[in-house]
Chemist: 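One structure coming up, written as structure tokens, with questions to follow.
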Amino acid sequence: MISTSAPGKIILFGEHAVVYNRPALAAPLSGLRATASIEEATTTGAGLTIRAVDLDTTIRLQESAEHGLALMARLVLDRLGAAEPTITVTVESAIPIAGGLGSGAAVSAALGKALSAHLGAPLDAPALSELVYEVERFYHGTPSGIDNTVISYEKPVYFVRGRPPEVFSLGMPVQLLVADTGIPSPTHEAVGGVRARWQHERDRYEALFDRIAGIVDTARTVLEAGAVGQLGPLMTANQHELEAMGVSSPAIGRLVTAARSAGSLGAKLSGGGVGGNVIALVTAESADQVRAGLLAAGAVAVYQTTIGEG
Ligand code: PMV
């Protein structure tokens with residue numbers, strides 16, 4: 001049986017501004033993954049069936065026009081010039097849905113990897129990323145392309161829309177806690193809100209995006225140099241710009257403040273914001289205390305992740 005997986009992701013710096021052609025930094029969440037496994041179906045000619053366990057949905061490719069997972073399967077078959085096989089693909093994900101952690105892109109990527117492996121032609125990262133981007137467009141109109149990229153490459157990336165992604169290495173591992181506000185926040189709504197405000201106040205928003213671009217470029221240098229001590233203030237500065245952009249919320253603010261009071265060196269929302277997740281920079285010594293502070297401030301789940309390992 002073929003079984004493949006793809007990680008979730010966090011945006012370290014630069015969300016939203018990345019939609020407006022500024023750079024952003026993102027990293028895979030290796031411990032939170034979506035998986036796809038394939039079984040040969042017993043009925044001849046039944047075609048491809050996708051069991052989306054978390055959505056409690058079964059999709060038959062021959063019948064389904066309007067589903068992102070069906071679109072992903074069709075894109076893979078078209079890319080490989082392959083006929084529809086008679087198989088069942090089961091897709092599952094440990095990544096919370098609509099939490100800014102790339103769950104949609106991860107399930108599409110896992111499905112694309114499994115199906116292409118089954119057909120004997122596993123897609124490489126650039127090809128997989130391209131197809132997942134098409135599905136992201138189907139879900140939310142104007143994605144920057146950062147989610148599909150980091151999830152397909154499974155490496156930290158410096159990303160500018162329309163340019164090949166730059167994979168980069170960290171000078172030392174960085175430990176983060178990812179805290180879920182428990183408030184689902186569809187990305188397209190947060191992105192649509194920014195667009196509406198940008199249309200009214202173009203100069204102010206362009207200046208905000210420029211300041212974020214400056215933070216992103218500094219953060220890349222700091223990460224590559226392994227100067228983790230300088231990272232916290234940059235995260236806090238990025239959070240302030242996101243607040244000014246109107247994509248923070250009281251729940252996000254509570255978690256950011258709680259993390260900092262409990263000893264985190266910097267914290268910010270990650271992804272679309274409004275709800276979703278907050279990331280907090282920690283050390284081995286501060287992690288337990290910060291986790292406790294986040295839970296006490298209302299986080300419904302806290303995951304620990306280390307980026308830049310190995
Ligand atoms: O909420 P997420 O994880 O899908 O992240 C969205 C990131 C944005 O910059 C807000 C949108 C985008 O397309 O880059």
Side-chain angles (χ1 to χ4, degrees), residues 6-29 32-34 68 93-109 129-130 132-154 156-163 165 176 178-198 205 208-213 215-216 219 235 238-239 241-249 251-252 268-279 303 305 307:
K9 69 98 213 340
I10 43 177
I11 297 187
L12 298 168
F13 293 95
E15 50 275 273
H16 286 291
V18 69
V19 175
Y20 299 81
N21 303 315
R22 273 51 164 207
L25 295 169
L29 258 181
L32 269 189
R33 307 184 73 85
S93 172
I95 308 159
I97 293 170
L101 301 179
S103 62
V107 288
S108 298
S129 179
E130 209 180 288
V132 176
Y133 179 70
E134 289 306 314
V135 183
E136 291 284 281
R137 278 198 339 153
F138 167 81
Y139 279 129
H140 54 89
T142 56
S144 65
I146 193 166
D147 279 23
N148 49 283
T149 301
V150 66
I151 282 164
S152 302
Y153 284 74
E154 285 206 47
V157 295
Y158 175 87
F159 180 86
V160 181
R161 206 173 174 163
R163 288 200 216 153
L176 296 166
V178 182
D180 193 345
T181 61
I183 301 168
S185 173
T187 305
H188 71 269
E189 288 177 18
V191 170
V194 173
R195 182 158 303 273
R197 293 190 289 280
W198 170 76
Y205 273 74
L208 270 168
F209 300 150
D210 283 341
R211 286 199 295 277
I212 290 173
I215 294 169
V216 170
M235 290 172 70
N238 195 159
Q239 171 63 19
E241 303 298 355
L242 289 160
E243 285 164 12
M245 209 189 279
V247 292
S248 194
S249 70
I252 291 170
K268 64 182 275 295
L269 69 85
S270 178
V274 184
N277 278 270
V278 162
I279 53 173
Y303 319 94
T305 190
I307 56 167

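Ligands are counted one by one from 1 in listed order, and the atoms in each one are counted from 1 as well. If you read the sequence from its start, that first residue is 1, and numbering goes on from there.
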Chemist: Between E15 (side chain) and G271 (backbone), is there a donor-acceptor pair under 3.5 Å?
Modeler: yes
Chemist: What residues come within 4.0 Å of ligand 1, counting heavy atoms only?
Modeler: K9, I11, E15, H16, V18, V19, G100, L101, G102, P143, S144, I146, D147, T187, V191, G271, G272
Chemist: Over all heavy atoms of both residues, which pair between P28 and I307 is shortest? Give the atoms and the distance, please.
Modeler: O-CG2, 4.1 Å
Chemist: State which residues pass salt bridge (charged side-chain N to carboxylate O under 4.0 Å, His left out) with E189; sequence neighbours excluded, sorted by chain then number.
Modeler: none
Chemist: Test your reading of the model: is there a side-chain donor-acceptor pair from R211 to the backbone of F209, 3.5 Å cut-off?
Modeler: no
Chemist: So which atom in G102 and which in I151 form the shortest heavy-atom distance, rounded to 0.1 Å?
Modeler: O-CD1, 3.5 Å
Chemist: Locate the shortest heavy-atom distance separating A190 from V274; write the atom from each residue and the value.
Modeler: CB-CG2, 3.9 Å
